[in-house]
Amino acid sequence: MSARFTNKVVLITGATSGMGRATAERIAAEGAKVVLAARGKEAGDALAAELRAGGADAIFVPTDVTAEAEVADLVQQVVDRHGRLDGAFNNVGAATAVGPLTDIDGTAWNADLALNLSSVFFSLKYQLPVLQASGGGAIVNNASNLAITGAPGMASYSAAKHGVVGLTRSAALDVAATGVRINALVTGGVDTPLLRNNMGLPPEEAVRVAGALHPIGRIAQPDEIAAFVAFLLSDEATFITGAALAIDGGMTAA
């Protein structure tokens, strides 16, 4: 394993499972000082302890990223502990309002946008000044293949993820001259607890059904996403910004 992140401070939201956890493990192994954020304190504390046991500098900060004040406090805790921020993976999201658009009420619509879009806005708002003060860095926002396509019954989620791509591109242009890069992931299916538990099928059947939707014939493993995130956060990707990059097994190629 390389040491691309030695002495670099990286913040990961949605860090306790799936893609967030895999990315935390990957970049910690490459030398990063990681700050983990999620709602679940028990899982977060356990992951931070596991990473520290492996020699990493890791802390967990319980955070609801749909609450602006909590995001502000999270970033301030990064500054208080490390004095800088070099990278962030904004990884929170889930489809919470599923069904025909005409059946979704305003409360459910707003909740989906808060979780999938406003959370990214709040994160960027407070991360960017610290990254700029630190001399630059990189941010990766996790979107979805539904950020550039649509699907029946997924109107609010798809709208929010389209918003993440637009937000990523505009924010990237805002800060392009300051040494900060921002990109979005267009992810396909990934073998996470969320996918296994939220399709209304037995977990292994959910993996099989989701895999059949991908031209490559399977869904991704979290480690595959983590490897791409690590690349985008590293100095090997210094000419990539404002992009929506597909890592989706060919789903959006059609």
Side-chain angles (χ1 to χ4, degrees), residues 1-65 70-93 119-120 122-124 126-142 180-185 187 190 192-194 221-238:
M1 190 72 71
S2 68
R4 292 179 292 184
F5 296 99
T6 299
N7 295 321
K8 291 192 174 184
V9 179
V10 179
L11 169 61
I12 302 170
T13 67
T16 54
S17 69
M19 292 173 275
R21 181 186 181 98
T23 300
E25 292 170 342
R26 172 71 183 242
I27 64 172
E30 293 194 46
K33 300 173 181 179
V34 293
V35 178
L36 314 170
R39 289 176 175 170
K41 188 175 189 306
E42 184 176 348
D45 286 340
L47 176 57
E50 181 181 319
L51 294 175
R52 288 194 297 269
D57 183 331
I59 63 167
F60 172 71
V61 181
T63 308
D64 177 356
V65 291
E70 292 195 30
V71 177
D73 179 69
L74 167 64
V75 176
Q76 186 59 52
Q77 289 198 50
V78 175
V79 174
D80 291 345
R81 180 177 177 87
H82 295 293
R84 64 182 296 112
L85 179 63
D86 301 289
F89 181 33
N90 296 320
N91 175 56
V92 172
S119 64
V120 181
F122 295 146
S123 296
L124 292 174
Y126 292 98
Q127 292 162 1
L128 286 174
V130 182
L131 280 163
Q132 290 172 306
S134 302
I139 296 173
V140 176
N141 297 323
N142 199 1
V180 177
R181 299 179 294 105
I182 312 173
N183 292 293
L185 293 186
T187 49
V190 183
T192 65
L194 189 66
Q221 292 302 306
D223 288 349
E224 294 177 289
I225 307 300
F228 194 37
V229 175
F231 166 70
L232 291 173
L233 291 176
S234 78
D235 290 340
E236 296 177 40
T238 50

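Nearest approach of Ala15 to Ala38, heavy atoms of both residues: N-CB, 4.1 Å. Residues Phe231 and Arg4 share a closest heavy-atom pair of CA-NH1, 3.8 Å. Across all their heavy atoms, Gly40 and Thr16 have their closest contact at O-CG2, 4.2 Å. Pairing each heavy atom of Leu74 with each of Ala37, the nearest pair is CD2-CB, 3.7 Å. The two atoms that bring Gly18 and Pro222 nearest to each other are O-CB, 3.7 Å, heavy atoms only. Scanning all heavy atoms of the two residues, the minimum distance from Gly137 to Leu131 falls at CA-CD2, 4.0 Å.
Arg81 is listed as a side-chain neighbour of Asp57, based on a closest heavy-atom distance under 4.5 Å. Residues Asn90 and Ser119 are not in side-chain contact: their nearest non-hydrogen atoms beyond the backbone lie 4.5 Å or more apart. Proximity of Val10 to Thr23: side-chain heavy atoms (C-beta onward) are nowhere separated by under 4.5 Å. When side chains are defined from C-beta on, Asp235 counts as touching Lys8, because their heavy atoms get closer than 4.5 Å. By the 4.5 Å heavy-atom criterion applied to side chains, Asn142 and Val229 are not counted as neighbours.
In this structure a side-chain-to-backbone donor-acceptor pair under 3.5 Å is present from Asn91 to Gly14. Thr63 contributes a side-chain N or O that, together with a main-chain N or O of Val61, makes up a donor-acceptor pair within less than 3.5 Å. Between the side chain of Ser234 and the backbone N or O of Glu236, at least one donor-acceptor pair lies under 3.5 Å.
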side-chain contact (heavy atoms from CB on, under 4.5 Å) for Val130 and Val78? Distances and angles first, verdict last.
CA-CA 9 Å; Val130 182; Val78 175; 5.8 Å; no

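Atom CZ of Arg26 is separated from atom CE of Met19 by 16.0 Å, given to the nearest 0.5 angstrom. Taking CZ of Phe5 as the reference point, atom CG of Leu233 lies at 5.0 Å (rounded to 0.5 Å). Asn141 contributes atom CG, which lies 9.0 Å from atom CZ of Phe89 (distance to the nearest 0.5 angstrom). Asp223 contributes atom CG, which lies 11.0 Å from atom CZ of Arg21 (distance to the nearest 0.5 angstrom). Of the inter-residue distances, the one linking His82 atom NE2 with Asn7 atom CG reads 11.0 Å to the nearest 0.5 angstrom. Rounded to the nearest 0.5 Å, atoms CD (Glu50) and CD (Glu25) are 6.0 Å apart.
Partners of Arg52 by side chain to side chain donor-acceptor pair (under 3.5 Å), not counting sequence neighbours: none found.
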